[in-house]
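The block underneath contains the structure these notes are about, expressed in C-alpha cells.
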Amino acid sequence: MPLLDAHGYRADPWRRIAAGEPATGDAVLVALADLPAVIAGRSNAQRIGVEVANTVRLPDLSAFLGQLDLVAIAFPAFNDGRAFSLARQLREAGFKGAVRAVGPVIADQFTHLVACGFDEVEVPDAIAARQPEAQWRGALASYGATYQTGYGAGASILERRRALRAGQGAAS
Amino acid sequence: MYRYDQFDEAFVRERVAQFRGQVARRIDGALTEDEFKPLRLKNGVYLQLHAYMLRIAIPYGTLSSVQLRQLALIGERYDRGYGHFTTRQNLQFNWPKLRDIPDILDLLADVGMHCIQTSGNCIRNTTADHFSGAAADEVEDPRPTAELIRQWSTMHPEFDYLPRKFKIAVTGAARDRAAIRAHDIGIQVVRHPVSGEVGYRLFVGGGLGRTPMIGKLVRDFLPKAHLLAYLQSLMRVYNLEGRRDNKYKARVKILVHEIGIEEFRARVEAEFAALDPAAIAADPDEVARIEAYFAAPAFATFPADSQRVVADRARDAAFDRWVETNTFPHRQPGYAAVTVSLKPVGGVPGDATSDQMRAVADLADAHSFGEIRVSHHQNLILPHVRQDELHALWTGLVAAGLAEANAGLITDIIACPGLDYCALATARSIPIAQAISRRFGSAERQREIGELGIKISGCINACGHHHVGHIGILGLEKSGQESYQVTLGGDATENAAIGQLLGPGITAEEVPDAIERLVGVYLAHRHDGETFAEAVRRLGIEPFKAGFLAPQPAEAAHAAA
C-alpha cells in the first residue's frame, strides 16, 4: 500500500514479517506476538517496528517502547477514531520513534493525525488514486492554528493569544 | 457576550473554505459518499426526509441582536422565511439547497457564527442554563466555562471520530435548568463546602434515546484550572473504550453502565493522573479574557419591585397573566428575565418567522442590552429587562404574535420535528403538540393546571426529550399505524428522573383525551399549591395509570356512583 508523510508519497523502507518468517532486513515490521523474540534476536543496527490493532493498549507496549523505531496502528475504518488516542498516549509516554496509520484514512484527517503524533500514513491503493498528494498537503495547509495546546507542532490559538498579549504588554 | 477575536475569525473562515473544498471533492469523486458524510455532518448538514437541513450552532444558547437579524436574513433568502429553534439551543433551517450552504456559512461567519459540530460523532454544541448571568441563584455565570469548552472541543484532533455523538451541558446554579443529568457530561459550578473555592461537580453518562439514563456523579469537586485536563482524560477513556460494534450501544452512558461508574471513574482518574493539567489548561489571562466578555451589562439601580409594573398589571389582565408566567426573578433588583414563547396555541413549537426574529432583535436592543437566549424548551429569552419597561416590551411582543402567556404551562410543549421533516421519525410530533395545545388553549384552564411540561418525540431517538417530560409522548410505528406511548413522572432538573410507561400505545386522535384524563387525576388529588410533578411524586404512578387506562372517565365515575 502507498506510504505518505507530510512531504508526499514515498518508498516504504520497512519490510513486513509474516508469522514464522525470519526477521531479516534493516527495518522489520512485526506483529506484537512476535516482538519479544525479534527484539531478542536483533542484529546490529536493525530497526524494529511493531504493527498493532487499535484495541491494543499502552501498557501492552510500554515495555518495548525503548526498543522500537516504529509503531504502526491499524485503522479498520477511517471513522474508527481509537488510534488517535493511542498515538497521543504513545507520545505522552515519551515515544520518539515514528508512528504510522495503516488503513483507509482520508486526506481530510491528515491534520488530526499529525496533531495526535502520527508521522505517516499507509493507505489502500484506491484512496491514493482518488486523493493525490496535493490533497494531503492541502489538508495540512487548511488549518492555520487550532485551539488545543500540545497537539501538533505549531503554537495553539491559546498560545498565540498569550504571545500577542505579551507583545502588547512589552509595547505599552 | 463573547466576541470572536482574529484567531476565532480566521479559524471559522478556514473551516468554511475547507467545507467548500470538501463539497467540490465530493462532486469530483475524490471523496466517496461514505467519506463525505461525516464531514458534511460536522458542518451541520443533514439529509432529511424532503430536503437538506442545516443546523446552526448557538453556543450555550446566547445570541446578539445582530446575530439574530442575520439568522432572519438567511431564513428569508435561503429558506422559507422561518427557522426552528431546537432542544439543544440551536437553530435549524429545513429547506436550504446544498449549493447555497457554503454561502450561508460565510454569512454566519460574518457575525461570528458557524455550524461546526452540530452533528456527527463528535463533541456537540455546549449548552447552558438559559438564565445564565441573570438568575439570582447562581454560584457563577456558567457561560465562560461553556465558552472555554466550546473552544477546546472545536475540531479537537483526538476526539473528532468518537464512537457516537457527545453532549455537554453546564449550569451555574443548584436549580438545574440545563438538564445536565440528561447529557453525556453534565457540569455544575459549585462552591467547595469547606474552602469556599469555586469549582465543578461533574456527572457522566446521562442521555435519552432508546436507553434513557440519568447521569451519574463522576467527580464531586474539580478545581476550575483542571477542567480541560479532566475532560481530555474522560474523553480519552470513552474514545478508546466506548463500543463501536453497535451504534445503539455506543454512547458513553452504555460504557458507564457496562463497566460501572466506579471503574469508569478509576480509569478517568488514572488517565488524569498521568497528565499535566497546567499544560492543557487555558492560562489565567485567557480565562480572564473570556470572563470579561460575560461581565454584567451596565445595570442601573432600581427598587426590587417596580411600582409601574404593579400599576400596569392592575389595569391590564392579559399583561398581568403574561408577567405571572413569562418573567423570571433577576439577580439585579428592578430587572426581570423574560421568556418569549415560541409556542402559540396550535402552532409549531420552536418555529419563528424571519419577521419575528427581527422583532425580537429590535426588542432586545430596546429592552435587554441587545442580548437574546435560546432555551432548551425551544423558547427565546430576553435576559435583562427593566421591570418598568415590561409593558412596553409586552406590547411589542403582542404585535409580533409572541406574547403567549404560557411559559412552563401545559401548552409550552417541547416537540421534535417528527415525521413532518425527519428521516428517522416513526410518527408525527408537531401535529400532536398542536392538538394538545388547542385542547388546553384557554388561558384560564392553563393557569388552573399550572406548571406541567409535556415533551414529544417522534421516534425512539428521543430528540423531544419525552423521557424527562412530566408527561412524555413517544410516537412509534406499529404495523403501519402511528402509535403513541405515554410516560409519566419524568424530570429534567436536579430531581432528574425517567418517566414510567402508563400503558399500551394509543392513536394520535386519542392523545388529547388521554392527557385530559391525566390532568383530571391531578386536579382531583392535588394538595394546595402542589404542582403536577410534585403530585406525581407523592401519589405514585398508579392513580394516573388507572385514569389513563379508563377510556371514558365520565362513564367510570357514573358506574361507581
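Below, chains carry the letters A, B, ... as their sequence lines are ordered, and counting in each starts from 1. For the numbers below, each heavy atom of this structure counts, side chains included, while hydrogens, waters and symmetry mates do not.
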Option that, when pairs with chain A are counted at under 4.5 Å, heavy atom only, ranks first among [options]:
| options | result |
| --- | --- |
| B:Gln18, B:Arg236, B:Gln22 | B:Arg236 |
| B:Met235, B:Gln232, B:His156 | B:His156 |
| B:Ile280, B:Leu162, B:Asp160, B:Leu228 | B:Asp160 |

Heavy-atom cut-off 4.5 Å, strictly under: side chain, backbone, both or neither for [X] against chain B?
| X | result |
| --- | --- |
| A:Arg162 | side chain |
| A:Tyr151 | side chain |
| A:Leu113 | neither |
| A:Gln135 | side chain |

Above 12 or not: heavy atoms from other molecules or residues under 6.0 Å from CG of B:Asp110?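 More than 12 heavy atoms, drawn from other residues, nucleotides or ligands, come within 6.0 Å of this atom.
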
Residue B:Lys224 excluded, over 12 heavy atoms near NZ under 6.0 Å: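 More than 12 heavy atoms, drawn from other residues, nucleotides or ligands, come within 6.0 Å of this atom.
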
[X] [atom1] to [Y] [atom2] distance, which is reported to the nearest 0.5 Å:
| X | Y | atom1 | atom2 | answer |
| --- | --- | --- | --- | --- |
| B:Gln151 | A:Leu158 | CD | CG | 6.5 Å |
| B:Glu35 | A:Gln131 | CD | CD | 5.5 Å |
| A:Thr55 | B:Arg244 | OG1 | CZ | 11.5 Å |

So, are B:Lys42 and A:Asp108 salt-bridged, with charged N and O less than 4.0 Å apart?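 Salt bridge: no.
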
Whether A:Arg161 and B:Asp8 form a salt bridge (side-chain N of Lys/Arg under 4.0 Å from carboxylate O of Asp/Glu) is what I want to check.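 Yes.
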
Part of [X] lying under 4.5 Å from any heavy atom of chain A:
| X | result |
| --- | --- |
| B:Ala30 | both |
| B:Ala17 | neither |
| B:Arg150 | side chain |

Does any non-hydrogen side-chain atom of [Y] lie less than 4.5 Å from one of [X]?
| X | Y | answer |
| --- | --- | --- |
| B:Phe159 | A:Ser85 | yes |
| A:Arg160 | B:Gln6 | no |
| B:Leu240 | A:Gln89 | yes |

Considering all heavy atoms, the nearest [X]-[Y] contact:
| X | Y | result |
| --- | --- | --- |
| A:Ile157 | B:Phe11 | CD1-CD1, 4.1 Å |
| B:Pro157 | A:Gln148 | CD-OE1, 3.4 Å |
| B:Arg25 | A:Ala107 | NH2-CB, 4.1 Å |

Mind ranking A:Thr149, A:Asp80, A:Asn54 by heavy-atom pairs under 4.5 Å with chain B and telling me who comes out on top?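 Of the options given, most contacts go to A:Asp80.
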
If you count heavy-atom pairs under 4.5 Å between each of A:Gly81, A:Ser156, A:Gly144, A:Ala93 and chain B, which one has the most?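 Counting heavy-atom pairs under 4.5 Å, the top option is A:Gly81.
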
cation_pi(A:Arg82, B:Tyr161) dist<6.0 Å, angle<=45: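 The answer is no; the distance or angle limit is not met.
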
For A:Arg88 and B:Asn239, run side chain to side chain contact (heavy atoms under 4.5 Å, CB included): C-alpha distance rounded to whole Å, both residues' side-chain angles, the deciding distance at 0.1 Å, then the answer. CA-CA 12 Å; A:Arg88 275 297 299 185; B:Asn239 190 38; over 6 Å; no

